Each structure stands twice: as C-alpha cells, then as structure tokens.
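This is the structure I want to talk about, given as structure tokens.
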Amino acid sequence: MNRNNFWRFVIVVLVLIWAVFSFYPPTSRDLIQTFRERAVRPDTNFHAIVESAIDLQRKIPEKPYENLKEAIGTNDITRYFPFFEATNADNATLAILNRLQRESAGKIHLGIDLQGGTSFVMRMETNSLPAGSDVSGALSEAVEVLRRRVDRFGVAEPVIQTEGSDRVNVMLPGLSAAVQEEAMKALQKPAFLEFRLVHPQSDQDIHDGIVQPGYEILKSKPRRKEGRETSEIVEVKKAPEMTGSGVKGAQVVRGNLGEPEIDFTLDTEGAKEFGRITSENVGRRLAIVLDGQLYSAPKIIGPIETGRGQITGIGDQKEAFELASVLQNPLRAPLRLESSNQVDPTLGKDAIRSGIKASIYGTVLVSAFMLVYYMIAGLVANVALIANIIILVGAMCFFDTTFTLPGIAGIVLTVGMAVDANVLIYERIREESAKGKSLRGAIAAGYSRAFGTIFDSHVTTLISSIILWWLGTGSIKGFGVALTLGVAASLFTALVVTRMIFDFLLDRNWLKSVPMLHLVRATKLDFMKLAKPAFAISWTLIFIGIGFGFYRGKAMFGKDFLGGDTSTFAFEQRVPEDRIRAALTAGGVKDALIQYQKDLSSGRQTLRVDTAIEEGKKGQFSTADTVKNTVLGLSEGKFSLLFQEHVGAIVGAEIQKSAVIACLLSLFGILVYVAFRYEFSFAVGAVVAVIHDVLMTIGWYCLAPSHRQFNATTVAAILTIIGFSINDTIVIFDRIREDLKLGVRGTFKEVMNQALNQTLSRTIITSGTVFLATMSLYLFGGGAINDFAFTFLVGIITGTYSSIYIASALVLWWHKGQRPHIGSGPIAVENVAVARG
C-alpha cells in the first residue's frame, strides 16, 4: 500500500469508527434492567421493587417508566443511587428515574411521527409582561420551567427549545395517548398566580350592574355546596397587589369536608410583601386568581406574616395535583397554543415499518442497478454506499438530530444521489479507456475530470439543503439536516472511499479491467432542433397547471398554509361520509373535508378529517376537540384517534413567508455560484430552468387527480428540486465548457448538441437512480412522504428535460448562436484534482 493510500485508509477507518461510536447503541435498553444494574448495595426492599415493576411490566408493557414509578411508590431510592446526587431535588425519585431514562435511551432518537407522542408550538403573550421586560429572558426561563414540568412524565429525550422571538417548541416522543392529553394541559397552564383586592362595594355593584374603573367581574368555578352547585361572583381589581412569583412550595391537602385544597408557602420576599398587603387591608377581601380564574376571595381578618396561604374551590384531586405542580414552576407570562401534533404509538410503529421498507427497497434497487450495470465498479460503489449510510446515520446522531419520517426520506434520497457521483466518475473512466489509456491512467483521469462536475453539483444541492436546515422547522428541518449531511458524506465516499479501493486493487494487480454495460451508446441527436417548440409546449403546460391551481383557489392549500386541524382515525367499520358530515355539522363544524385513505405500503385504511380554523365571538378557535369527540361518538364505526394536528393561522402565514424566502434564497445562491463557476449566461439559463422545474412541478401537482394540497413537505420537495434539478444542468454545462476550451470545431449549436449527446448516458442513469429511490418512497413511504415523493418524481422528470430544452436552449439563444469566450478560471478546481490524482 503506497503512502497516499495508507493515509486515505486511516482517515476512512477513523471516520467509520467515529460514526459507529456516535450511533451505538442505536436502540433503547430496558429501563427496569438499567434500574437494577445501576443500583449499589441492593437489599430485600430493592429486589421487591424490581419484582413489582416486572409484574406491572407484564401487564402494561408499553409503560415501563410509569410501571417503575408505581412500583417504587413512597420508597426512598436515593440510597441505591448516591452518585446521582438527587437528595436535594424537589422530587428525588423523579430525578433519578429521569436520569436512568436518559441513560437507557438509544443514540437514535425517533420523532413523534415514528414512535408516537405529542408536540406543540406555544407563543408567549409578551404583552402580559411588565413594560421594559427582557422578552428573550422570559422565553428562556419558560423553557426551563416547561422542562421541569416535563420531568414528571418520564420522557427520555424531550425537545424544548425557543423558536423565533416569542415561541417555544416542545416535542415529547413516546407518550401514550392518555398521557398526551395530560401533558398538553399541564404544559399550557402558565400558573400565573395573582392576589387581587375585591372592591368594598362588590356585592352592591354586581347587583346594580356597575363595574368601577380599574375593576372587572370574575366568576369562580361551580362547586357543590349544601346539595347544589354555586359560583362566587366578585368585583376585583384588574391590577394585582402581588403575583405568585414568590411561591416557594405547594402541596395538596384535604379540607374539613375532605375536599382538595392547596397549601402554598412564599419565599422571604414574598412573605414580607404578603404581610404588608394583609396588614394594610384588614377587613377587605383578597381574591386568589390563578390563570385568570377566580378560585376564592377570603376576608382578611388580620395580618398574615407567616408566608403561608391556601387555595380552595378546586374541582377534584387530579386538578389539585396539576395546580400544585405548576405553582412550583410558574411562568412569567401565559403561553398560547399555536400548533400541535398528536400521534398514537401504533401509527408511529406503522410509520417505522413504512420508512424501513422504503429505505431497504430504495437501497436494494439502486445497489442492484449499479451492480448489474457497472459490475466490479458497481460493487465498489455499493461498498461506498454502505459507508455513506453509516457515516450519515452517525453524523445525524452526533448532531443530536431527531429521526423523523421526512428525515428517512432524506436518507433514502441521499442513497439515490450518492451513486450519482460514482456514475459521473465511471462514465469518465469509460471515455478515457476508449481513448487508449491504461487502466490506472483511465481511473486517475476519470476521477480528476469528474471532480469539477461532482463538486459543482453537490454545492448547488447543498445550497438548497442548508436553507432547508436553516429556515425549516420541525420535521422539515430534520429532512434538511439528513439531506445536507448525506450530500456531504456522499462527496467523501465517492471521491475518497472508492478511489482508495481502486488504488488498493491496482497496487496488488487484482484489477485487470473495469467492464461495464453500455446501453446508451454514442448518439448524434439534434436536440436543439426541437428547442423552440419544446420551450413553447413547456410554458403552455405550466400556464394550464398554474391556471387550474388558481381555479381551485384556497382548496389547493392545506392547514400548513391556512391554519386548521387534521384528525386521522382508525376504524373497524366504514361509516358513510355523509353520515360523518351530518354529525360534524350538528356539532358546529362547517365545511369539513372528509376522506377515507389507504396506505399503499401497509394497506391500512384510515379516516382523515380536515377542518379550517373557525371564527367566533372571542376570535379564532380550533375545532379539533369537537371533531374528535363527534367521530369517536359514532359507535357503529368503532373509531380510535391515531393522529391529530393543529396549525394556527399565524404559523400558517409564517410557513408561507418562509417558503417564499427559502425559494428566493436558493435561486439567488445558485445564480451567484453558477455565474462564478461558469459565465453569467449559463447562470441565467440554469436559474430559468430551475424556475421552469418548480412551476412545472406545481402545475402538475395542481392537476393531480387526487386533489392534493400544498403543505410543508411539498415546500421541502420543491426546495430539493431546486437543488437537484440543477445537477443535470451542471453536468451538461461542464461538458459544453470543456468542449469550448478544447477548441472542438463547429458552431455553438453543434458544440452544444455534441455535449448533450456525450452526457446523455450519464444524464439518464443519474436521474434514473434517484428516480428509483424516490419511487420506493412513493410506493412504500406512506403518510406525509407520499406528497413529497410525488412532487419530487415530477421534479426529476422535468429537471432532466429542462437541462436540455430550457437551460441549454437559453444559453444558445443568449449568445445568438455565437461561441462564447469561456475563460480558464473555473478549471483551477479540476487542476487541483488532477494534481491529487
């Protein structure tokens, strides 16, 4: 092994070891087993806890955390885990269990669409903060408060992070449907505790229908008293005397009649302030208001300087414990739900199966093609492909990326795009061999001459994928991360790993030849002869498709753009759509889009109900709960909720804005890069071709017989098309530039036709491998991936076509058929590659 190849081998091995270390262990270990292994000096009591947990686990296997927590009960387990230093935690048991939960979790973190759970985006009502407050500080504080609240639900890898200037994004994977509801309610409660003075003439003012300036009327929750329900109505000050920011602790106790109450204690400053207020207002009533809800308004009999208080009027024990929990972790301002997503664990398992099936089929199809068509070289490419997948998964785990269904789509797409670089290299090796070069010389020349094209095509794809990573949110960001890391990994494996293998085989004289099939042989087609009619037909089709989209109007846009709710249900018996629509209309839900769907990969049928955001007296509101309760109430169908998502109108508007900005940035980035690497006319041709591809894809999407709607995954597909469709154009432009520099004889039209014929084989093959991978996503991916795959399939076809009849034709017309003067600057990158070869 020569010195260069030795260091290549060392680098490749180190990268692969790093990648494997980053994702090992990939899956989670048994929590109860981890609990048993990590304990020190276990005694009889500890073994009894473990046995109890195992018994509970047999009955309810999907709830290991809750089972272990119930088995521990009131036992003190800190002595078994002294190294966790949990003795000073508010709840030592929860602190230890959460630590063990994180330790037992695998390195591959699945999103809620793959393992079930809930996620939501909440907007902080910053106008509730005092003037001049630090909004970013309040938002960061809210993240920590929500994190402490999440701890009691036993989520191994919660994602709680700020988003924008006033929003918090929360993802809680792995939660059962029952716990999802509880978690959502608990995290939305701001626990905004206020002490407000009641007006001295409150009863008289309420009787007379008068509200004094600076006061408002509040009504307590109904509660049973002497056999009947009563509510307390009082006139209270709008401005609080003090807030609950000084609450140090809160616990649930029982009143004289067994009703739940909350005893709270204040810190030193809070107790001092509370003592002052009660001293100055003896004889007046002090209302206790939590989250804008009146709970009680006791009379101040005398100064209260002990720093203790009590909240009464609570409905039940469950509500009391929830309130006590959030009181210990209050927010400085309320949070309002902007969007939410709930996925049943069973649907997540189906998504995993679909994603794995699509990944396997896509990889097998691409690998089989490479092996059959390129034989030994195809085997080398497949080894590099395996290395690419290992590096990609390791990098995603290293960057703590959550694996989502769109993320899997990014991985599958990377598989198709990863072999593109190998195809470019192998086709170059074929050409160099045809010139009579030795095998070693042909391989070296093939790598050096393909380097510039590979580099340019990967950079243009990276421009779009990085913008997806930067501007995307949620699962779309995951797709952008997967695509970006995958493209970078494919660049490494194609140029380093495969070259290392070829050099290794050549050094040992094990490789005598590189046989390949050659289905598309040298052609002499006059592509430019059809440029004008093809150009006219293309834009006619675009106008038809876009026109039909305008005809459909708002019906073209899903909830991701307009806001709204989507609910998906499993069922045992199909109920007619008219019956469901009538029930929803009776419940106050108008214009619901009701459709039964069948997953192509699993054959599973589901009911999907889409509803718009309704306008009410108090503004916009979601109909998700009404839809859920109405459909579940149709007993003949035996429905069960699998998935529910809510997107607020503000979030929808922001997605629209982000989509436009992302597309413009991608186009601008490509324009600048291609102009720098080639010439301005080439850049214009490339950008117009990309615009053509985007518009043509949108047009066919509008014309699709299944009445598809634009959503966030469609935006991701369009941005990917922007990055991918330029690849074929780059391959063709690179050959045109090379032929011009070599002084190939003929008019510019003849040179262009020659370049198009020379690259026809690799154009078909590179587009074909990506098409195979994307087709596997379309057929077996299911769910939201189907819209993405359909969009991208159209983009692959139009991108291949536009490279010839849009981009190349525009460059030809720009120069009026005259040969352009291409400088030698851009060839520098290739010269570096030759030197390295």
Side-chain angles (χ1 to χ4, degrees), residues 406 409 464 467-468 471-472 476 479 534-566 590-595 597 608-613 645 647 649-667 687-725 774 777-778 783-802 805-806:
S464 294
I467 288 172
L468 269 176
L471 291 179
I476 302 305
F479 172 80
F535 192 90
I537 292 171
S538 291
W539 291 100
T540 301
L541 289 174
I542 288 172
F543 283 123
I544 292 172
I546 299 294
F548 187 71
F550 277 107
Y551 170 75
R552 287 185 62 190
K554 283 190 175 182
M556 279 303 308
F557 296 93
K559 65 180 183 308
D560 289 341
F561 286 93
L562 302 178
D565 302 285
T566 293
K590 303 175 184 177
D591 301 323
L593 177 62
I594 304 167
Q595 54 185 330
Q597 298 179 325
R608 172 170 168 164
V609 181
D610 292 303
T611 54
I613 294 176
E645 184 174 28
V647 177
I650 295 176
V651 174
E654 289 178 354
I655 290 176
Q656 292 183 50
K657 181 180 177 181
S658 296
V660 173
I661 292 174
C663 289
L664 291 177
L665 284 176
S666 295
L667 291 172
V687 170
V688 172
V690 170
I691 293 172
H692 163 276
D693 297 340
V694 170
L695 295 178
M696 182 70 82
T697 302
I698 291 173
W700 282 104
Y701 196 87
C702 294
L703 292 169
S706 54
H707 295 296
R708 295 176 183 272
Q709 291 183 314
F710 291 110
N711 51 45
T713 54
T714 313
V715 174
I718 290 172
L719 281 170
T720 310
I721 289 169
I722 290 174
F724 173 78
S725 69
T774 310
L777 285 175
Y778 178 76
I785 287 183
N786 188 266
D787 282 337
F788 172 89
F790 175 83
T791 308
F792 197 62
L793 282 173
V794 176
I796 293 170
I797 297 169
T798 58
T800 305
Y801 160 85
S802 70
Y805 289 112
I806 304 297

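Since we're looking at a predicted model, the values are computed, not measured. Scope of the values below: all heavy atoms of this structure, side chains included, with no hydrogens, waters or symmetry mates.
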Taking C-beta and beyond as the side chain, do Phe550 and Ile546 meet within less than 4.5 Å on heavy atoms?
-> yes

Mind running side-chain contact (heavy atoms from CB on, under 4.5 Å) on Thr791 and Phe710 for me, showing each step along the way?
-> CA-CA 10 Å; Thr791 308; Phe710 291 110; over 6 Å; no

Separation of Thr697 OG1 from Phe790 CZ (nearest 0.5 Å) | 9.5 Å

side-chain contact (heavy atoms from CB on, under 4.5 Å) between Met556 and Ile698, intermediate numbers included = CA-CA 11 Å; Met556 279 303 308; Ile698 291 173; over 6 Å; no

Under 3.5 Å, side-chain donor or acceptor atoms of residues 792-801 against the rest of the protein: list the pairs with distances, not counting sequence neighbours.
residue	atom	partner	partner atom	Å
Thr798	OG1	Val794	O	3.0
Thr798	OG1	Gly795	O	3.1
Thr800	OG1	Asp728	OD2	3.4
Thr800	OG1	Ser767	OG	2.8
Thr800	OG1	Ile796	O	2.8
Tyr801	OH	Ala534	O	2.8
Tyr801	OH	Ser538	OG	2.5

Please output the side-chain donor-acceptor pairs of residues 689-696 that fall under 3.5 Å, not counting sequence neighbours, one pair per line with the distance.
residue	atom	partner	partner atom	Å
Asp693	OD1	Ser802	OG	2.7
Asp693	OD2	Ser725	OG	3.1
Asp693	OD2	Ser802	OG	3.0

Taking the side chain as C-beta and beyond, is there a heavy-atom pair between Phe788 and Thr714 under 4.5 Å?
-> no

Minimum heavy-atom distance between Leu667 and Val687, given as atom pair plus value = O-CG2, 3.9 Å

Could you check if a side-chain atom of Gln709 sits within less than 4.5 angstrom of a side-chain atom of Asp787, using non-hydrogen atoms only?
-> no

Apply the test side-chain contact (heavy atoms from CB on, under 4.5 Å) to residues Tyr805 and Phe535: give CA-CA distance (whole Å), side-chain angles for both, the deciding distance (0.1 Å), then the verdict.
-> CA-CA 6 Å; Tyr805 289 112; Phe535 192 90; over 6 Å; no

Gap between atom OG of Ser464 and atom CD1 of Ile722 - 0.5 Å precision | 5.5 Å

